[in-house]
Amino acid sequence: MSVEFLADLLLGLALGATVHFIYESGLAPSLRMDLRSGLQNLLDELHLLERRHPEPANRRCFTELRESLDGLLAALDRVGVVALLLSERESRRHPWARAAAATRAVTLGQCHIPEVRSIRARSLRIAIRAIVINNGGLILYTLPVVLFILVSPRMRARFLRFAVQAIDLHEKLGSAHVRVQHDVVGL
């Protein structure tokens with residue numbers, strides 16, 4: 001290896017580290033605040049809907065969606081690919097969690113109030129944006145894989161299906177549970 005190659009490599013690594021630092025310390029927190037604001041707006045919209053539809057039959061839809069939004073809001077800065085993979089792994093160890101997440105998805109999908117389904121869809125878009133923002137520092141390293149997922153309609157649909165299921169699992173298990181299970185060996 002030549003000295004020029006090593007100097008270029010070192011310069012490239014330093015530039016990458018600088019870009020990563022700027023992204024993680026400045027840009028990502030600002031983008032997360034926008035997402036947090038969007039989730040707060042969705043919660044406000046949900047509260048108004050609850051007042052307009054006080055029937056007991058709708059209570060389950062509202063409760064499930066509120067829990068989902070609160071869970072996403074609490075874990076907004078931690079929702080990422082690794083957290084979703086850990087949630088998926090935990091769901092295999094705890095079938096009740098997978099069943100609870102599936103029940104939530106069915107309940108919200110069958111809710112007869114279109115605004116509730118709309119809020120759910122918008123919250124999932126916010127969750128997917130949070131995943132992208134929280135893993136944005138890795139974009140340089142994962143760009144070929146990301147491009148493949150975005151270009152292939154089948155892979156994009158598969159990724160979105162996995163992301164929605166994993167987000168539901170993450171919300172049901174709670175990020176603290178997943179983190180403790182991951183950090184403490186033997187639990």
*Asks:* More than 12 non-hydrogen atoms from neighbouring residues, nucleotides or ligands closer than 6.0 Å to CD on Glu55, yes or no?
*Replies:*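 Yes, the 6.0 Å shell around CD holds more than 12 heavy atoms from other groups.
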*Asks:* Compare every heavy atom of His53 with every heavy atom of Phe62, then report the nearest pair and how far apart it is.
*Replies:*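 Residues Phe62 and His53, closest heavy atoms: CE1-O, 3.5 Å.
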*Asks:* Please find the pair of heavy atoms, one from Leu76 and one from Ala130, that lie closest to each other, and give the distance.
*Replies:*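 In this case the closest contact between Leu76 and Ala130 is CD1-CB, 3.7 Å.
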*Asks:* Going through the checks in order, is the side-chain contact (heavy atoms from CB on, under 4.5 Å) test met by Thr103 and Arg60?
*Replies:* CA-CA 11 Å; Thr103 301; Arg60 176 107 191 236; 3.2 Å; yes
*Asks:* Can you tell if the side chain of Ser118 reaches within under 4.5 Å of the side chain of Arg122, non-hydrogen atoms only?
*Replies:*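 Yes, their side chains come closer than 4.5 Å.
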*Asks:* Which atoms form the tightest heavy-atom contact between Val132 and Tyr23, and what is the distance?
*Replies:*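 That closest heavy-atom pairing would be O-OH, 4.1 Å.
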*Asks:* Without swapping roles, check the side chain of Thr18 against the backbone of Ala14 for a donor-acceptor pair under 3.5 Å.
*Replies:*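 Pair found, side chain donor or acceptor close to backbone of Ala14.
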*Asks:* Passes side-chain contact (heavy atoms from CB on, under 4.5 Å), Arg120 versus Ser123? Steps please.
*Replies:* CA-CA 5 Å; Arg120 173 66 172 170; Ser123 75; 4.1 Å; yes
*Asks:* What side-chain hydrogen bond (donor to acceptor under 3.5 Å, both in side chains) pairs are there with at least one residue in residues 106-116, not counting sequence neighbours?
*Replies:*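 Residue pairs with at least one partner in residues 106-116: Asn58-His112.
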*Asks:* Identify the two heavy atoms, one from Ala127 and one from Val79, that lie closest to each other, and give their separation to 0.1 Å.
*Replies:*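 Shortest heavy-atom contact: O-CG1, 4.4 Å.
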*Asks:* Output the distance between atom CD1 (Ile119) and atom OG (Ser68), rounded to the nearest 0.5 Å.
*Replies:*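 Reported to 0.5 Å precision, the distance equals 11.0 Å.
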*Asks:* Would a hydrophobic clustering, with Ile, Leu, Val, Met, Phe, Trp and Tyr connected at side-chain separations under 4.5 Å, put Leu27 with Ile128?
*Replies:*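 Cluster IDs for Leu27 and Ile128 match.
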*Asks:* Roughly how far apart are Leu39 CG and Leu72 CG, rounded to 0.5 Å?
*Replies:*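 Leu39 CG to Leu72 CG: 5.0 Å, rounded to 0.5 Å.
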*Asks:* To the closest 0.5 Å, what do you measure between CG (Asp8) and OG (Ser2)?
*Replies:*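 One finds 8.0 Å between CG of Asp8 and OG of Ser2.
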*Asks:* Could you tell me which non-hydrogen atom of Leu42 sits nearest to which non-hydrogen atom of Ile126, and how far apart they are?
*Replies:*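 Closest approach of Leu42 to Ile126, heavy atoms only: CD1-CD1, 3.8 Å.
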*Asks:* As an exercise, state the distance from CG of Leu15 to CG of Leu10, rounded to the nearest 0.5 Å.
*Replies:*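 One finds 11.5 Å between CG of Leu15 and CG of Leu10.
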*Asks:* Enter the distance from Glu4:CD to Leu6:CG here, rounded to the nearest 0.5 Å.
*Replies:*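 Separation between the atoms: 10.5 Å.
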*Asks:* Ignoring hydrogens and angles, tell me if any N or O in the side chain of Arg66 forms a donor-acceptor pair with the backbone of Leu43 under 3.5 Å.
*Replies:*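 Looks like no, no N/O pair under 3.5 Å.
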*Asks:* Got a sec, which residues hit side-chain contact (heavy atoms from CB on, under 4.5 Å) with Arg32, two or more places apart in sequence or on another chain?
*Replies:*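 Arg32 satisfies side-chain contact (heavy atoms from CB on, under 4.5 Å) with Glu24, Ala28, Pro29, Asp77, Ile133, Asn134 only.
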*Asks:* As an exercise, state the distance from CG of Leu69 to CG of Leu46, rounded to the nearest 0.5 Å.
*Replies:*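 If we round to the nearest 0.5 Å, Leu69:CG and Leu46:CG are 6.5 Å apart.
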